[in-house]
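To keep things clear, I will list the structure first and then write my remarks on it.
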Amino acid sequence: MAYMTNPLATPDQIFHKNSLDSLPTELRDAVFFSTQCLTQAAGILLQLPQSVTAQANVLVARFWLIEPMMSHEFSDVSAAALYLTAKIGPCPCTPRDLSNVYAYLLSKSSTFLPSPNSSLPKNIPDDYYQSETSYQAFHSRVLSLEHLILCSLSFDTTVTLPHPLAITYLQSMDFLNFPKEKITRRVVEYLNTALLSPQMLYLTTQPNGLAVAAIYNAAKDLGAKMPECEWWEVFDVDREDLGFLVVGMRSLEGWAEDMKGDGVLGKRKLGGMITRKDVKEILGSNESQQEEEDPELAMARRMDEKMREIEGGTA
Amino acid sequence: MSSKGKSRWADDEEDAAREAQLKKEKEEKKRLKAEKARKLEAERKAREAAAREQQPPPEESPNGPPSKRRRVSHEPESSTPQNGAPPETTNPSNLLRFNGGTFSRARSVENYDKLNDIEEGAYGWVSRARCLSTSKIVALKRLKTDPKDRSGLPVTGLREIQILRNSSHRNIVPLLEVVVSDSTTPLDPSIFLVLEFLEHDLKSILEDMPEPFLASEVKTLLLQLCSGVAYLHDNWILHRDLKTSNLLLNNRGQLKIADFGMSRYVGDPPPKLTQLVVTLWYRAPELLLGATTYDSAIDIWSIGCIFGELLTREPLLQGRNEVDELTQIFELCGLPSEETWPTFRRLPNARGLRLPSNPTPGSTTSRIRAKFPLLTSAGVQLFNSLLALDPGRRPTAKEVLEHEYFKQDPKPKQEAMFPTFPSKAGQERRRKRETPNAPARGQKAADLGAVDFSGIFAGREREERGGGFALRMV
């Protein structure tokens with residue numbers, strides 16, 4: 001059954017996610033969405049298969065139900081998850097490539113999540129030049145986060161993606177008598193979009209549910225004719241779950257537009273990846289800032305110690 | 001004992017009455033159950049009919065998502081799980097519920113009380129420990145990590161965890177959980193695999209046995225090994241380090257495959273794989289000759305080596321290095337020829353091999369028959385096929401399970417009837433390891449260079465010997 005199922009979040013974990021770190025839901029969702037988008041962008045630039053990047057997305061989502069979001073820089077969590085899934089998958093990526101890609105995506109020159117008010121940034125290579133020190137620091141952060149992610153998830157890195165199941169289901173329904181490529185593309189688009197949803201659909205539903213909901217949505221969009229019986233029951237999905245998933249998948253696009261327009265992301269002065277600093281500014285409270293500072297400083301100190309150790313070792 | 005001489009177990013009227021009573025109760029229950037089922041069925045049908053009239057088909061709802069739950073589907077289901085019975089598959093509205101478990105933070109190793117060390121291998125050390133909450137005895141295997149390694153946690157360790165987590169078979173050692181040390185500074189991680197504890201490994205049993213395993217016992221062990229390997233291969237896993245010290249045995253005669261530090265998932269067509277796998281003495285000839293695409297047949301070769309070791313208590317092919325190993329293989333199995341292994345000339349390291357130009361008759365045939373005179377001909381046939389030089393001619397693990405050898409007398413011994421052995425792992429004694437270790441990741445594979453095998457069969461006719469006597473056959 002390992003190839004059909006995923007470990008799911010318990011109701012308790014979902015219920016307590018906001019008490020992990022007292023972020024307002026809106027802000028939390030914005031960070032979640034931006035980080036998932038960042039992972040996808042990095043996956044594309046690193047030429048990783050979507051199966052690897054999607055697994056990283058799911059691991060990040062699981063990780064943030066165990067660890068407070070604010071205890072590590074969001075982009076580092078994304079990088080560490082991607083590094084980990086690439087490593088255990090068929091096409092590992094080198095820390096150097098990873099570092100370069102993230103440096104670019106986080107720089108002012110990148111076109112990642114541009115601000116709606118200003119024009120697209122100019123490409124200035126100096127913006128994303130990585131010095132040896134910053135590379136080493138990034139690398140150390142990724143390694144320690146890799147370990148933390150694994151510990152937080154009990155070393156269970158299994159992520160079963162619904163994509164292959166969806167294809168199988170489509171085949172069994174003869175692609176709903178629709179051009180194969182078109183409908184499959186739409187289904188895969190829905191499945192990939194669902195990865196970004198702060199509703200964490202991949203942590204609350206088994207892959208068969210996601211596959212069926214994506215097929216349902218794609219068929220609706222394209223006007224393909226679905227069987228007239230309750231075909232989803234053949235794939236062990238009940239009507240209520242299907243309804244919830246269908247709405248969840250469809251609502252994401254509008255929600256993301258709103259957020260980039262008047263929402264959390266749109267209100268910022270500059271575009272690009274949201275950082276912990278941004279979040280703290282938005283929260284605007286000095287007290288919480290002081291509290292958050294401590295673990296970060298401790299981490300930075302440990303990194304420095306490690307750096308010295310390494311340099312001492314090689315010298 | 002009563003003086004009447006009547007046994008206390010004899011039937012009397014009382015027993016008969018009780019039996020009748022029980023029978024009656026049973027029938028009553030049966031009747032009620034049937035009635036209930038009938039009622040439920042009728043109810044369900046009525047509801048379905050009603051619903052069909054009330055509810056429009058979902059395709060007609062305008063905005064795509066079906067807005068309301070249909071009441072048709074789930075009433076019968078909610079009444080069944082009371083007694084914990086799985087939903088019947090015949091009922092179309094009973095859906096299969098997938099359960100993938102949950103995820104949570106790894107527990108601390110402090111939940112276990114370390115008892116004694118068992119062994120230290122190439123991939124970490126293993127110790128015996130007791131779980132504090134359940135008092136269960138487990139084996140703790142520490143993953144070797146190198147804080148100086150800038151690629152992070154070793155991918156072999158992560159693969160081992162991944163594969164063990166996904167595997168569940170009675171002949172594969174179960175992974176209970178993964179725990180970490182409490183004092184985890186993020187830069188010096190200690191990771192422990194909590195595995196089921198088994199009292200022995202086959203290697204140390206074989207070393208200490210005064211007499212070899214009986215034929216019936218060898219069959220049972222081999223069957224268990226092959227059924228575990230068949231499961232792995234069915235799931236696209238290559239073990240890549242099968243050897244007797246990685247096979248564990250408990251006191252109930254159950255064999256389990258352990259140490260997945262070299263194993264990995266493969267696909268079809270096979271990906272490019274590292275050729276430096278499997279401990280030298282169990283390494284297949286195609287690996288020694290530098291093949292980079294190989295398949296499950298390398299595990300089958302190792303099974304063949306283990307078969308020989310079970311029969312004699314001695315590792316079958318104890319080469320001192322790659323060339324010597326290959327020499328020993330050719331001495332046992334015969335030199336490769338166009339008939340026995342048509343493709344071997346194409347392997348990278350085969351270029352430098354110099355084989356006798358006109359081989360003496362018999363130098364290309366296997367000597368297994370002569371070396372194992374006590375084995376039945378079915379046994380020899382199986383042995384020969386496991387150690388076929390051409391990987392394409394080795395049987396699959398599944399085919400081995402069906403082999404004639406296991407159907408012949410003596411029949412495989414029942415596991416429960418297995419002898420027990422004093423456990424080294426359970427006592428406070430460290431094992432010494434004499435087998436060479438599995439090759440380390442990233443090492444360079446040996447290039448055999450030019451090797452001359454032309455002389456290895458020079459004096460072969462002289463050493464042909466008979467089987468001698470043996471009284472213990474069963």
Side-chain angles (χ1 to χ4, degrees), chain A residues 1-10 13 62 65-66 83-84 87-88 90 92 95 139-140 142-148 150-158 160 206-208 216-217 220-221 225-226 228-230 233 236-240 242-244 246-247 250 299 302 305-306 310 313, chain B residues 57-59 61 63-74 77 92-107 143 145 147-155 157-159 161-162 165-168 175 177-180 184-189 191 193 235 265 267 271:
Chain A
M1 269 319 191
Y3 309 107
M4 281 289 286
T5 56
N6 270 326
L8 296 185
T10 62
Q13 283 170 338
R62 288 184 195 163
L65 285 187
I66 307 275
Y83 180 64
L84 175 62
K87 181 155 91 175
I88 52 182
H139 190 177
S140 300
V142 165
L143 291 189
S144 69
L145 261 168
E146 176 196 37
H147 184 244
L148 189 63
L150 281 169
C151 286
S152 304
L153 304 178
S154 283
F155 292 81
D156 190 352
T157 48
T158 330
T160 309
Q206 293 294 357
N208 65 323
Y216 188 100
N217 273 333
K220 278 276 160 205
D221 285 1
K225 197 163 159 24
M226 286 180 271
E228 272 166 27
C229 56
E230 297 180 336
E233 293 201 342
D236 298 303
V237 181
D238 75 29
R239 197 185 152 83
E240 192 180 14
L242 176 63
F244 172 79
V246 163
V247 176
R250 284 185 167 270
M299 175 68 91
R302 278 200 297 274
E305 280 166 11
K306 178 69 189 165
I310 289 160
Chain B
E59 280 74 28
S61 52
N63 290 337
S67 50
K68 245 186 186 172
R69 173 179 176 172
R70 264 187 148 181
R71 301 205 59 83
V72 209
S73 323
H74 297 289
E77 192 181 67
S93 56
N94 274 347
L95 306 179
L96 185 60
R97 291 287 161 210
F98 297 103
N99 186 5
T102 57
F103 51 90
S104 59
R105 200 186 295 274
R107 296 204 305 160
L143 277 193
T145 52
K148 291 238 160 59
D149 181 1
R150 295 296 279 167
S151 59
L153 292 172
V155 66
L158 295 176
R159 275 187 193 148
I161 294 174
Q162 195 183 18
R165 259 189 203 286
N166 293 345
S167 302
S168 133
L175 174 70
E177 63 172 324
V178 182
V179 293
V180 292
T184 350
T185 59
L187 296 169
D188 180 24
I191 301 156
L193 274 59
N235 287 288
Y265 277 104

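Naming convention: chains lettered A, B, ... in sequence-line order (proteins, then strands); numbering from 1 in each chain.
Residue B/S168: no heavy atom, backbone or side chain, is found under 4.5 Å from chain A. Only the backbone of A/V237 comes within contact range of chain B, with at least one heavy atom under 4.5 Å from a heavy atom of that chain. There is no contact between A/L148 and chain B, counting heavy-atom distances below 4.5 Å.
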Give the C-alpha distance, both sets of side-chain angles, the deciding distance and a yes or no for side-chain contact (heavy atoms from CB on, under 4.5 Å) between B/L153 and A/L84. CA-CA 9 Å; B/L153 292 172; A/L84 175 62; over 6 Å; no
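Nearest heavy-atom pair across B/L96 and A/D236 is N-OD1, 2.9 Å. Nearest heavy-atom pair, A/D238 versus B/R97, reported as atom, atom and distance to 0.1 Å: OD2-NH2, 3.1 Å. For B/R150 against A/P95, the heavy-atom pair with the smallest separation is O-CG, 4.3 Å.
Taking 4.5 Å as the limit, every side-chain heavy atom of A/D156 sits out of range of all side-chain heavy atoms of B/F103. Residues A/F155 and B/V180 form a side-chain contact, since some pair of their non-hydrogen atoms from C-beta on lies under 4.5 Å apart. You'll find the side chain of B/L158 reaches within 4.5 Å of the side chain of A/L150, heavy atoms only.
Among A/N217, A/T157, A/N208, the residue making the largest number of heavy-atom pairs under 4.5 Å with chain B is A/N208.
The CD atom of B/Q162 sits 6.5 Å away from the OG1 atom of A/T158 when rounded to the nearest 0.5 Å.
Side-chain contact of A/S154 with B/R107: a donor-acceptor pair under 3.5 Å is absent, judged by distance alone.
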